Structure formats: structure tokens, C-alpha cells
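Encoded as C-alpha cells, the structure appears first; notes follow it.
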Amino acid sequence: MPELPEVETIRRDLTSRILNKTLNEISVLHKNFLTKSKISLTELLTLKGKKLLSLERKGKYLFLNFEEKTLIFHLGLTGALILDLHPIPENLKKHHLLTMTFEQNTLHYIDIRKFGKIYLIDSLKISFFLNRIGPDALQIEFEKFRELLQKHNLKIKTLLLNQRLISGLGNIYTDEVLFRAKINPERLSNTLSEEEIKSLYEIMKSLLKEAILLRGSSVKNYVDGEGKRGKFQERHLVYGKKGRPCPECGTPLQYKKINQRGTVFCPNCQK
DNA sequence: ACATGCGCCTGAGTGC
DNA sequence: TGCACTCAGGCGCATG
């Protein structure tokens with residue numbers, strides 16, 4: 001669900017409200033949540049009394065850096081981190097998994113499909129975790145990006161979705177980026193020309209930045225740290241629009257499963 | 001190296 | 001209205 005722009009929006013929202021505050025209380029409202037995350041309650045409770053020193057993001061992962069420890073969130077498909085949501089809407093109560101109270105603010109973790117996960121890591125060992133995630137799509141340098149595409153023989157869509165290779169893009173942004181770059185999602189990454197790589201790189205970055213300015217895409221459940229919807233879905237050109245005319249040439253947009261992921265593209269514009 | 005299928009969850013939508 | 005089925009923003013794992 002939350003891809004790079006959404007996680008970045010949440011990071012900024014939380015930073016403005018709870019940075020440098022002390023975590024006073026944690027309550028786990030759903031035991032399986034910790035079991036799945038492989039964290040014991042005792043371990044989690046060691047965060048109590050610690051100050052939140054910074055909030056960082058790499059790809060779709062959000063890092064809450066406390067004194068000595070880092071709590072990492074991956075929001076899966078439907079995870080939401082919302083501050084001071086009260087009352088909790090009736091239909092969300094059974095998906096409310098965790099609350100963390102930072103002085104006067106309470107952060108709620110709500111996750112309908114429960115694909116989200118948390119990790120608790122000793123700050124000294126954080127680089128091990130970071131190294132398993134590919135370079136962030138907004139940070140990666142052009143030369144690295146080109147090298148990445150050239151050394152793999154993967155469909156470009158598959159490559160962009162692989163978080164170990166490049167992190168932050170999910171199904172929505174991948175389809176939107178490839179459409180704007182006029183590249184067919186099934187093109188093998190090592191067959192792209194220098195021009196195409198350059199255009200893909202530039203479009204990927206500018207699209208992500210634009211989506212952050214619009215506070216992300218709310219297709220179904222996504223809301224930001226204040227519980228509000230994003231606006232970038234209004235600028236989607238292909239995602240969720242199979243069969244509709246291509247905004248460039250009018251050809252019906254085609255739908256196909258690539259890598260088990262629904263993919264929408266224009267068979268005429270995307271070569 | 002790369003592709004494919006499954007499982008983890010819940011809710012919304014469709015067709016009968 | 002009920003039921004069966006498909007689909008959905010992700011990812012890890014097993015198999016070929």
C-alpha cells in the first residue's frame with residue numbers, strides 16, 4: 001500500500017509532531033502482530049522511557065530512531081500510522097494493533113490486512129538491516145541506476161518492484177513511471193538505450209517528488225499521519241484504468257499480470 | 001539468474 | 001439476500 005511517497009509523507013507528519021519526545025506508553029492490542037513480527041512484548045517494552053531522536057526512511061521502511069534502539073515499520077498493503085485519532089472509527093477497531101504514547105500525542109498503528117511488520121534493532125546493528133534494502137529510488141545516483149539495469153536481465157517492471165535492487169516503488173508508481181517514460185513494462189532492463197535509461201531515471205524522480213508534494217496516493221485505505229487522504233491519485237494516468245483510452249493516443253489501456261501483479265499500460269505508446 | 005505459485009489477511013465488488 | 005469467486009498498494013519462500 002504505502003509506497004515511497006506515502007511513507008515519506010507519514011515520516012514528515014510524525015517528525016513535526018513527535019520528534020524529540022519521550023515514548024511513555026506502548027500497548028499492543030493484537031498479540032499476533034508481535035508474533036508475526038517475531039518480537040517479544042518484553043523486548044518492545046524496553047523502548048519505554050526512551051526519546052525519539054530522529055525519523056528516517058529508506059524505500060518503504062520507516063525508521064524510528066530511539067536512544068540505542070531503532071523501531072522499524074513496514075506498512076505492508078494497508079498499514080496506517082495515525083496520530084491522535086480519537087475516537088477510533090468503529091470499523092477500524094478490530095484492526096487497531098498498537099498504540100504508542102509520546103508525551104501529549106498518541107500514535108496508532110492500524111492495519112486491515114495485517115501484512116505490515118515491525119522490527120526492533122539495536123542501533124549499532126542497523127547497517128545490516130539497511131544493506132538488505134536496495135538504494136532508495138529518490139537517492140540513487142544515475143550511474144548506479146544505469147549499472148543496475150544493465151547487469152540484470154529482468155523485465156523492467158520486475159526490476160523496479162524488487163526492493164533489494166531499488167527500493168520505494170510499488171505497483172502504482174511503477175506503472176505510472178513506465179507509462180510516462182513510454183517504456184513497455186516487459187522490456188528487459190538490459191535492452192534499454194542510454195536515452196531510455198536517462199528518461200526513466202528523471203521521470204521516476206520527478207514523479208516521486210510530485211507525489212510527495214501531493215501527500216501520496218489514496219486509492220483505497222491510505223491516509224497520512226493526520227488521518228487524511230493524499231491527492232496524487234487524481235494524477236494517475238494508467239493505474240486502475242484498464243480498458244480506458246490512453247490519455248496520449250486513445251488506444252485502450254491494456255491489462256496484464258506481470259510478476260503476479262496487475263499491470264496497466266498503453267500497448268501503443270510504451271515500446 | 002530468472003520465472004512462477006503459494007501463503008499470509010480482510011474487504012469490496014461482481015455475477016448467479 | 002446469500003454465496004462463491006476474484007481482486008487489491010507487498011513480500012518471503014519453495015520449486016523448476
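Bear in mind that the values here come from a model prediction, so they are computed numbers and not experimental data. Convention: sequence-line order gives letters A, B, ...; per-chain numbering from 1.
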Item checked: Pairwise C1' distance for dA3(B) and dG9(C), with rounding to whole Å -> 22 Å
Next item on the list: Could you tell me which nucleotide pairs with dC9(B) by Watson-Crick or G-U wobble geometry, both distances under 3.5 Å, or answer none if nothing does?
Entry: none
Margin query: Using side-chain heavy atoms (C-beta onward) and a distance below 4.5 Å, is Glu6(A) in contact with Arg215(A)?
Written below: no
Checklist line | Between P of dG9(C) and CG of Leu160(A), the distance in whole Å | finding: 16 Å
Notebook entry, point to check: To the nearest angstrom, how far is Asn162(A) atom CG from dA1(B) atom P?
Noted result: 12 Å
Checklist line | Length of the CG-C1' vector between Leu161(A) and dA3(B), whole Å | finding: 14 Å
Margin query: Distance to the ring centre below 6.0 angstrom and angle to the axis at most 45 degrees; does that hold for Lys198(A) and Phe142(A)?
Written below: yes
Note to self: Can you measure Lys242(A) atom NZ to dT6(C) atom P for me and round it to whole angstrom units?
What the structure shows: 13 Å
Margin query: Can you see if the side chain of Lys36(A) gets near the phosphate of dG7(B) - specifically, an N or O under 4.0 Å from OP1 or OP2?
Written below: no
Next item on the list: By nearest nucleotide on DNA chain C, pick out whichever of Glu6(A) and Lys117(A) is the more 5' one.
Entry: Glu6(A)
Notebook entry, point to check: Looking at the side chain of Asn171(A), which of dA8(C), dG9(C), dG11(B) is the nearest nucleotide?
Noted result: dG9(C)
Notebook entry, point to check: NA contact type, Lys60(A), heavy-atom cut-off 4.0 Å: base, sugar-phosphate, or nothing?
Noted result: sugar-phosphate
Notebook entry, point to check: Counting side-chain heavy atoms from C-beta on, which of dC9(B), dG9(C), dC11(C) comes nearest to Arg113(A)?
Noted result: dC9(B)
Next item on the list: Starting at atom CD1 of Ile110(A), determine the distance to atom C1' of dT10(B), rounded to an integer number of angstrom.
Entry: 15 Å
Notebook entry, point to check: If only side-chain N and O atoms of Tyr255(A) are considered, is one of them under 4.0 Å from the OP1 or OP2 phosphate oxygen of dT6(C)?
Noted result: no
Note to self: Can you tell whether the side chains of Arg12(A) and Asp224(A) come within less than 4.0 Å, N to carboxylate O?
What the structure shows: no
Checklist line | Whole angstrom value for the distance that separates C1' of dA8(C) from NE2 of His236(A) | finding: 14 Å
Next item on the list: Between His30(A) and Thr158(A), just flag the one whose closest nucleotide in DNA chain B comes earlier from the 5' side.
Entry: Thr158(A)
Check: Has His95(A) got a side-chain N or O lying under 4.0 Å from the OP1 or OP2 atom of dT10(B)?
Finding: no
Item checked: Contact under 4.0 Å: His152(A) side-chain N or O vs dA1(B) OP1/OP2 -> no
Check: For the side chain of Gln260(A) and the base of dG5(B), is some donor closer than 3.5 Å to an acceptor across the two?
Finding: yes
Note to self: Taking only side-chain N and O atoms of Tyr173(A), does any of them lie within less than 4.0 angstrom of OP1 or OP2 on dG9(C)?
What the structure shows: no
Note to self: Classify Asn221(A) by what it touches in the nucleic acid, base, sugar-phosphate, or nothing, heavy-atom distance under 4.0 Å.
What the structure shows: base
Next item on the list: Any strand is fair game: report the nucleotide pairing with dG9(C) by Watson-Crick or G-U wobble, both distances under 3.5 Å, or none.
Entry: none
Check: Is Lys94(A) near enough to dG11(B) that one of its side-chain N or O atoms lies under 4.0 angstrom from OP1 or OP2?
Finding: yes
Check: Under the 5.5 Å and 30° test, is Phe115(A) stacked on the base of dC8(B)?
Finding: yes
Check: Considering the options Phe128(A), Phe63(A), Phe129(A), which one meets the ring-ring contact (aromatic ring centres under 6.0 Å, His included) requirement together with Tyr119(A)?
Finding: Phe129(A)
Margin query: With side chain to side chain donor-acceptor pair (under 3.5 Å) as the test, pick out the partner of Lys157(A) among Asn162(A), Thr263(A), Asn259(A).
Written below: Thr263(A)
Item checked: Proximal nucleotide (of dT10(B), dC2(B), dA8(C)) relative to the Lys220(A) side chain -> dA8(C)
Next item on the list: Starting at atom NZ of Lys114(A), determine the distance to atom C1' of dC11(C), rounded to an integer number of angstrom.
Entry: 18 Å
Notebook entry, point to check: Could you give the NZ-to-C1' distance, from Lys31(A) to dC9(B), as a whole number of Å?
Noted result: 20 Å
Notebook entry, point to check: For Lys257(A) and Gln163(A), take the nucleotide of DNA chain C holding the closest heavy atom to each; which residue's nucleotide lies nearer the 5' end?
Noted result: Lys257(A)
Check: Tell me, do Leu98(A) and Ile26(A) make a side-chain contact under 4.5 Å, heavy atoms counted?
Finding: yes
Note to self: Rounding to an integer number of angstrom, what distance separates dC3(C) and dC8(B) when you compare their P atoms?
What the structure shows: 24 Å
Check: So what does Thr78(A) touch, heavy atoms closer than 4.0 Å: a base, only the sugar-phosphate, or nothing?
Finding: nothing
Notebook entry, point to check: Just by distance, do the side chain of Glu3(A) and the backbone of Lys60(A) share a donor-acceptor pair under 3.5 Å?
Noted result: no
Note to self: Base, sugar-phosphate or nothing for Phe33(A)? Non-hydrogen atoms, less than 4.0 Å.
What the structure shows: nothing
Next item on the list: Consider the side chain of Ile112(A), meaning its heavy atoms from C-beta on, and name the nucleotide among dT10(B), dG9(C), dT4(B) that approaches it most closely.
Entry: dT10(B)
